[in-house]
Amino acid sequence: MDYRRREYLTTPMFGESIKIMLLGGGELGKEIAIEAQRLGVEVIVVDRYDWAPAMHVAHRRYVLDMLNANAVKAVVEREKPDVIIPEIEAVSYDALEDLESRGFMVIPNAKAVKIAMNRIELRKFAAEQLGLPTTRYAFAENPDEAVDACDKVGYPCLIKPEMSSSGHGHVKVFEPSPKLVKEAYEYAVTHSRGKSRRVIVEEFVQLETEFTVLTYRYVGDSGIATETCEPVEHWRYGKYHYIESWQPSTKPMDVLEKAREIGVKVANGLGGLGIFGVEIFLTKDGRILFSEVAPRPHDTGMVTMASQELSEFAIHVRAVLGLPVPRPRILSPAASIAIYAESDNVWAPKIKGVYEAMKINGVDLRVFGKPFTYKDRRMAVVLARGSSVEEALKKAREAVSHIVIE
Ligand SMILES: Nc1ncnc2c1ncn2[C@@H]1O[C@H](COP(=O)(O)OP(=O)(O)OP(=O)(O)O)[C@@H](O)[C@H]1O
Ligand SMILES: [Mg+2]
């Protein structure tokens, strides 16, 4: 792919407009769309249900099954976008590869999308090809191999399906019991995306903290440049609930520097243009380990809407369009906490308590506009600025305590 700097922007909907197509229109896509709109770019959003968040801020929208290669190819042929941004993992890889081979620009590139969505390929790429530190691991594709893999890795360990997202199908195994391992293996593969029977078994590490190193590749003055943002630190409570993110991290500089180096190696290894959310563990015994990468803006990076001069979304849009991306300054320490629905099937739910929450100085809210809830669906995010990350987190927690989704 020939990556060039962009010399002009123009008007959407008329003449030779510049078009971005988002494959997946969730809350991250919505912010990407808003940033693109600000630059006069025409935005087309595709998702499997109507009025997904990004569709509310798009010029056109299409509802289709994005795992169906023909459907994806047909919509791309019809629209002929300048840039195709897969916003979720569940997009037909065959379609992306075919489109790229016919000259369409896929972000960051079809191969990177494929590696990043497959835990086994990603581990081989990171640990074996790039030589990055990771958790101990082994692969398995039947129950007996799973027993061997767990014994090799040691206990406790985690079994994860080859393909899935948001923690689906992850099972922790505490002890060397072939019966429990086989049950865990079956659970993992039945929660896999697609029909794969392959899993990765990972050493379960004690976490000190987690980072997302937002790393971006853009067209610089002398070829493609790779830069990192200040690492975002985050912590999860419970299974999916209350993921708190903050920036800047309060961990030592040398740790952050090593995390950034991993970010750069991963992004350069995958190539292409745009931002990558590189997930890194800091373990209690002091190891800095690559975990996984999203070749797109990252949910924990929503904090950058409050903390950085250019948010992760603004960076992504600039980068994929061939525009410059000066290293963004931190404007203020900030924190973010996502808000989840507690029940299923509430249409147009009410986000209550917003008056109390938004009264707090430095607190802001983003409502995603999802048409209906299901349990544990992310519906909104609280952003808070403070004089320190502690203060920002305190404000964000207070704001969240007022909010109820009904
Ligand atoms: N080997 C491990 N040891 C300890 N904790 C882990 C390990 N692997 C994953 N975790 C925990 O589970 C979380 C989710 O894991 P992972 O990122 O692999 O899953 P995912 O399906 O991609 O989820 P998400 O979409 O939320 O990132 C990690 O952020 C970390 O908190
Ligand atoms: Mg993850």
Side-chain angles (χ1 to χ4, degrees), residues 24 26-28 86-90 113 115-123 125-127 132-140 149-150 152-174 184 187-189 191-194 196 198-215 231-246 249 259 262-263 266 276-302 312 336-338 340 376-378 381:
E27 55 270 34
L28 304 178
E87 189 251 5
I88 55 166
E89 285 185 354
V113 172
I115 293 173
M117 73 175 149
N118 183 306
R119 289 202 172 81
I120 294 179
E121 293 213 18
L122 180 59
R123 191 53 70 103
F125 162 77
L132 296 177
T134 65
T135 51
R136 283 195 307 277
Y137 65 94
F139 306 133
C150 290
K152 181 178 160 210
V153 165
Y155 300 86
C157 59
L158 265 182
I159 304 185
K160 303 179 181 178
E162 173 176 39
M163 282 198 266
S164 78
S165 44
S166 308
H168 286 299
H170 294 195
V171 199
K172 191 169 172 184
V173 185
F174 292 89
Y187 180 87
V189 294
H191 288 76
S192 175
R193 182 182 322 121
S196 160
R198 301 204 297 169
V199 298
I200 181 171
V201 177
E202 283 183 28
E203 160 196 14
F204 186 85
V205 288
Q206 295 298 320
L207 294 171
E208 171 69 26
T209 195
E210 297 187 57
F211 301 113
T212 302
V213 179
L214 296 165
T215 309
V232 170
E233 202 177 331
H234 57 97
W235 192 249
R236 330 187 157 222
Y237 301 87
K239 202 170 173 200
Y240 308 113
H241 271 60
Y242 305 116
I243 303 180
E244 299 184 338
S245 311
W246 59 94
S249 162
I262 293 176
V266 171
F276 300 76
V278 182
E279 297 179 17
I280 290 172
F281 295 158
L282 175 61
T283 65
K284 287 225 187 287
D285 57 9
R287 288 182 287 161
I288 300 161
L289 307 175
F290 167 76
S291 168
E292 57 165 14
V293 57
R296 55 183 69 89
H298 197 269
D299 48 3
T300 61
M302 286 194 280
E312 61 170 346
S336 72
I337 306 180
Y340 295 79
D376 293 333
R377 189 174 205 190
R378 206 165 47 188
V381 66

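Both counts, for ligands and for their atoms, begin at 1 and track the order of listing. Treat the numbers as computed from the prediction; the structure is a model and nothing was measured.
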Please work out which of Glu89, Arg236, Met163 has its closest non-hydrogen atom nearest to atom 13 (C) of ligand 1.
->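 Looking at heavy atoms only, the winner is Arg236.
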Counting heavy atoms only, name the option from Asp299, Val205, Thr135 that's nearest to atom 3 (N) of ligand 1.
-> Val205
What pairs with Ser291 under side-chain hydrogen bond (donor to acceptor under 3.5 Å, both in side chains), at least two apart in sequence or on another chain?
->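 Result, side-chain hydrogen bond (donor to acceptor under 3.5 Å, both in side chains) vs Ser291: none returned.
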Would a distance-only check, ignoring hydrogens and angles, find a side-chain to backbone donor-acceptor pair under 3.5 Å from Arg119 to Val199?
-> no
Check for a donor-acceptor pair, side chain of Thr215 on one end and backbone N or O of Val213 on the other, with a separation under 3.5 Å.
-> yes
Could you label the plane-to-plane angle of the Tyr237 and Trp235 rings as parallel, tilted or perpendicular, counting under 30° as parallel and over 60° as perpendicular?
-> perpendicular
Ligand 1 atoms in contact with [X] (distance to a heavy atom under 4.0 Å):
{"X": "Gly167", "value": "20 (P), 21 (O), 23 (O)"}
{"X": "Glu203", "value": "1 (N), 2 (C), 3 (N)"}
{"X": "Arg119", "value": "19 (O), 20 (P), 21 (O), 22 (O)"}
{"X": "His170", "value": "15 (O), 16 (P), 18 (O), 19 (O), 21 (O)"}
{"X": "Ser165", "value": "21 (O)"}
{"X": "Leu158", "value": "1 (N), 2 (C), 6 (C), 7 (C), 8 (N), 9 (C)"}

In Glu292, what N, O or S atom is nearest to the Mg ion (ligand 2), if we give its atom name?
->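 Among the N, O or S atoms of Glu292, the one closest to the Mg ion (ligand 2) is OE2.
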Among the N, O or S atoms that Glu279 has, which is closest to the Mg ion (ligand 2)?
-> OE1
Taking atom NZ of Lys172 and atom NE2 of His170, what is their separation to the nearest 0.5 Å?
-> 13.5 Å
Say you draw a straight line from CD of Glu162 to OG of Ser196; how long is it, rounded to the nearest 0.5 Å?
-> 3.5 Å
Sequence neighbours excluded, which residues qualify as salt bridge (charged side-chain N to carboxylate O under 4.0 Å, His left out) partners of Arg193?
-> Glu89
Would you kindly specify which portion of Leu207 sits under 4.0 Å from ligand 1, judged on non-hydrogen atoms: side chain, backbone, both or neither?
->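 Only the side chain of Leu207 comes within reach of ligand 1.
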Polar atom proximity, His234 to ligand 1 (N or O, under 3.5 Å) = no
When only distance counts, is His168 in polar contact with ligand 1, meaning an N/O pair under 3.5 Å?
->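 The answer is no, given that His168 and ligand 1 share no N or O pair closer than 3.5 Å.
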Residues Arg287, Glu203: salt bridge by 4.0 Å N-O rule | yes
Salt bridge Glu202-Arg123, side-chain N to carboxylate O under 4.0 Å = yes
